[in-house]
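Source: prediction; values computed, not measured.
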Amino acid sequence: MFELSAGLNPQQQQALTAGLGPVLVLAGPGSGKTRVLTHRIAYLIRELRVPPHHILAVTFTNKAAREMAERVERVLGERPRGLSLGTFHSICARLLRTEAESLPFNQNFVIYDSDDQQGLVRNALKELNIDPKMHTPHSVHNRISQAKNELQLPEDMPVNNYRDEVVVRAYQRYQQMLLASNALDFDDLLLWTARLLQDNLEVRNKYAQRFQHVLVDEFQDTNQAQYSLLKHLASFHNNIYVVGDTDQSIYRWRGADYRNVLRFEEDYPDAQVILLEQNYRSTQRILDAAMAVIDRNPHRTRKQLFSDRGAGEKIRIHMTLNEQETGRYIVEQIAMAVRAGASLGDFAVMYRVNAQSRLIEEAFLHANLPYKLVGAQRFYGRREVKDVLCYLRLAVNPDDEASLNRVINVPARRIGLKSQAALRNLAIQEKTTPGRMLMRLGETPDDPLFGVIPNLARQAMAPLGRRLAAWHAMAGETEPMKLMDRILADIDYHGYLLAEAGEEEGQDRWDNVQEMRRLAAEYSGRTISDFLENIALVSDQDTIDETAEVPTLLTLHAAKGLEFPVVFIAGLDDGMLPHSRSFDDPEEMAEERRLFYVGITRAEDHLILMHNAYRNSFGYSEAVEPSRFLDDLPAELVEGGNRARLEHAYRPDRWERPSSPKANILQPQYRPGMNVRHATWGDGLVLNSRIQDDDEVVDIFFEGVGLKKVLAAFANLETVEKTED
């Protein structure tokens, strides 16, 4: 039988066998919290003989819930029947269906997704004659969501100004429409459960008596509604066991409140507090750097993180000239490491916002180095980027029907499918394309020819047709960024993104558009066709299999829960991390510091922190300051610095591993005329080969593919002996 305490350190064993009553486990990064939590469930069942149906364990994601369930089953050797283990939302949905008789909806309620919710708020605003441009559906819904997370119904919300009044009215109508449809949104699942347990003593006692033990994962990410319902569920037996880390609370914008950890200690003054401080992931220098950063945050219980893995290498701080050099530098360092024996899957590149990935991706693509993107689409596959590209393509070539179909209702113009079909049929009848027909409609909207298109749709099409004609006229003589600016202004794309996605997400998406503008600025003096051709070559790259052992590109928010032998954190410039939005808000600044802490503690062996001397801003470079967080790192933990040069900041021998002697490439291995085979492109002929930046660059002509430039270290070329026929 599996020994529950086997392999646990003293702090983990203390957490495993903690007595009854409230328990707070403050688990540092890489300290084995999931193992402790799952072993605790097994301990309750096996050692304390608690029936599984008297145990409730909640977490935040289905993936985490599945992992916990599988681990508990492995430890016990069988599936514990009756154990309530799942996400907050799934547990609440189950309870609400069971107790629907006490609620204003029946047990067959549906759960509206984000699009349904947005549509409902939009309809509510329309019914109330509220201008959706002044009060966007997304911003109103965000405020409603915030109220629900704070357990506020419309009548509970304070009204201090006209905007508050608008939100309350919209909230009231929104709830009426939800209930009329027998529907709940995601926040309702928490709100109704918490309110039910608060207001209905009979129901509260039923569940509080049933669940003898309540266990919670990632407790620092709970909101007020979740904290309230947990307190009610644990109110009879008082056995509430929570695991979390205030230092890793990075989802404030989603409603998470790290102060729930502080509330727990206030509400349960007799709680056992156990620190998990031994880290099994990182070297000591990495942990020391992380502590130096996070120790400046107030309102926290300090943890002294330690590791048995030794001191490890110093953290590298490297300054690059700009973002383009950042991408090239990262690729070069990975190339050196792979030649010294590292695996491609050892590396992660992290950054603050999605828009930063574009130049890094291009460096990987230029080197034919595969990668995978976590938590976001590839830059050129993101919706807002594709929208802008389609508008530009349409301006250059109005015959591009696919681009027209994509943007004809972006922003929304209420041009229905039947009206689009009528436009296309007219184009076929007149032997032209829908784009040309649209421009003609814009010029002569009263032409009887267009009578087959409904009046409202025709009124929406005409301005778009006139604008398309103007853009098309500009395309042949205007630089790419100027044309892009004209299109973005004409359609108010910034306003559209904010209205559709809200302040936070909308601004992130606009940042991606701004990244496109910066790229377009580099084509000053060149044509829009040159710009689009370059983009097409990049965006047509094959999608990388997510299971592939390749470098990982991801935001710091997406890095939570992951770990890598080598971590690059790019763009550590003041204004990016910490983000400029946090400068005047101490709470936001504290969260930015936690975000950096999470990034640092993802690294196992090597950590490289990168900042820029200059940042490209729409065609010109501006000097930027290194992140103020870099000043927190003790000098004895780091090497390099603001003036570190590439050849000094990195020594290739640092990447060497005992099992892999250094491979110095002095002469090209591939000669002109050699026949080679590539796993994707098939057979090819070597045209040229040369040593460049300590690597071999090979020009190969592949049948059916054409000329490709590859790095020999990554291409895995196979030499093919050709035989005479």
Side-chain angles (χ1 to χ4, degrees), residues 25 27 33-38 40-42 44 52-73 79-100 103 105 107 109-114 116-117 145-146 148-151 183-197 207-208 210-211 213-234 240-245 248-258 260-261 264 375 557-558 560-562:
V25 180
K33 72 174 181 63
T34 304
R35 185 182 188 191
V36 166
L37 195 57
T38 53
R40 174 68 175 185
I41 296 171
L44 294 175
H53 69 275
H54 286 313
I55 299 174
L56 170 67
V58 289
T59 187
F60 278 84
T61 66
N62 291 321
K63 178 182 177 183
R66 285 194 300 270
E67 182 182 349
M68 285 175 62
E70 290 168 0
R71 288 196 185 194
V72 170
E73 185 175 348
R79 179 176 300 176
R81 296 186 178 278
L83 173 66
S84 294
L85 192 161
T87 65
F88 275 97
H89 291 90
S90 66
I91 295 291
C92 288
R94 196 181 315 156
L95 187 152
L96 292 176
R97 293 193 193 280
T98 303
E99 304 300 331
L103 296 161
F105 45 83
Q107 62 181 5
F109 63 81
V110 296
I111 301 172
Y112 275 0
D113 63 19
S114 299
D116 297 328
Q117 296 167 36
S145 176
Q146 180 184 347
K148 290 184 176 184
N149 287 336
E150 295 173 358
L151 297 177
L184 304 182
D185 63 20
F186 296 128
D187 298 313
D188 279 332
L189 296 173
L190 305 176
L191 171 68
W192 284 113
T193 304
R195 299 281 298 216
L196 176 65
L197 295 173
Y207 288 96
R210 172 186 166 185
F211 294 125
H213 293 268
V214 177
L215 302 96
V216 190
D217 189 21
E218 302 287 5
F219 184 65
Q220 77 280 349
D221 292 335
T222 55
N223 58 35
Q224 190 171 332
Q226 289 163 326
Y227 183 70
S228 175
L229 68 88
L230 288 170
K231 281 188 64 180
H232 290 312
L233 290 171
I240 181 167
Y241 187 103
V242 302
V243 181
D245 182 8
Q248 296 185 73
S249 180
I250 58 174
Y251 302 118
R252 183 170 179 256
W253 48 279
R254 290 182 186 170
D257 190 349
Y258 74 92
N260 282 344
V261 176
F264 185 91
H557 280 105
K560 181 87 172 293
L562 302 177

Donor-acceptor contact present, side-chain His557 to main-chain Ile250, <3.5 Å:
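Yes.
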Test of understanding: with side-chain contact (heavy atoms from CB on, under 4.5 Å), list the residues that count as partners of [X], not counting sequence neighbours.
| X | result |
| --- | --- |
| Lys231 | Tyr227, Asp267, Tyr268 |
| Arg97 | Gln107, Phe109, Ile111 |
| Ala225 | Leu151, Leu190, Asn223 |
| Pro52 | Ile45, Pro80, Leu83 |

Full working for side-chain contact (heavy atoms from CB on, under 4.5 Å) between Ile91 and Leu189:
CA-CA 9 Å; Ile91 295 291; Leu189 296 173; over 6 Å; no
Working to the nearest 0.5 Å, report the span between [atom1] of [X] and [atom2] of [Y].
| X | Y | atom1 | atom2 | result |
| --- | --- | --- | --- | --- |
| Leu191 | Ser228 | CG | OG | 10.0 Å |
| Leu184 | Leu96 | CG | CG | 6.5 Å |
| Gln117 | Asp185 | CD | CG | 4.5 Å |
| Cys92 | Trp192 | SG | CH2 | 13.5 Å |
| Arg195 | Lys148 | CZ | NZ | 12.0 Å |

Test side chain to side chain donor-acceptor pair (under 3.5 Å) applied to Lys33 and Thr38, Asp245, Asp217, the passing residue
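Result for side chain to side chain donor-acceptor pair (under 3.5 Å) with Lys33: Asp217.
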What's the verdict on side-chain hydrogen bond (donor to acceptor under 3.5 Å, both in side chains) for Tyr207 and Glu99, showing C-alpha distance, side-chain angles and the deciding distance?
CA-CA 11 Å; Tyr207 288 96; Glu99 304 300 331; 2.7 Å; yes
List for me each residue that meets salt bridge (charged side-chain N to carboxylate O under 4.0 Å, His left out) alongside [X], sequence neighbours excluded, and say none if there are none.
| X | answer |
| --- | --- |
| Asp187 | none |
| Glu150 | none |
| Arg252 | Glu588 |
| Glu67 | Arg71 |

Between [X] and [Y], which heavy-atom pair has the shortest distance, and what is it?
| X | Y | value |
| --- | --- | --- |
| Leu56 | Val58 | CD1-CG1, 4.0 Å |
| Val214 | Leu230 | CG1-CD2, 4.0 Å |
| Met68 | Ala57 | CE-CB, 4.3 Å |

Give me the one residue out of Val25, Leu85, Leu44 that meets side-chain contact (heavy atoms from CB on, under 4.5 Å) with Leu215.
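So the option named by the test is Leu44.
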Set of residues satisfying side chain to side chain donor-acceptor pair (under 3.5 Å) with respect to [X], sequence neighbours excluded:
| X | value |
| --- | --- |
| Tyr241 | none |
| Arg210 | Ser84 |
| Gln146 | none |
| Gln224 | none |

Can you check whether [X] reaches [Y] side chain to side chain, under 4.5 Å on heavy atoms?
| X | Y | answer |
| --- | --- | --- |
| Thr87 | Phe60 | no |
| Thr59 | Leu37 | no |
| Leu95 | Leu196 | yes |

How far apart are the C-alpha atoms of Phe211 and His54, what are their side-chain angles, what is the distance that settles it, and do they pass the side-chain contact (heavy atoms from CB on, under 4.5 Å) test?
CA-CA 5 Å; Phe211 294 125; His54 286 313; 6.0 Å; no
With a 4.0 Å cut-off on N to O distance, would you call Asp221 and Lys560 a salt bridge?
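Salt bridge between Asp221 and Lys560, a charged N being under 4.0 Å from a carboxylate O: yes.
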One pair to check against side-chain contact (heavy atoms from CB on, under 4.5 Å): Val243 and Phe219. What are the steps and the verdict?
CA-CA 6 Å; Val243 181; Phe219 184 65; over 6 Å; no
Could you check Thr222 against Asp257 for side-chain contact (heavy atoms from CB on, under 4.5 Å), going step by step and ending with a plain yes or no?
CA-CA 6 Å; Thr222 55; Asp257 190 349; over 6 Å; no
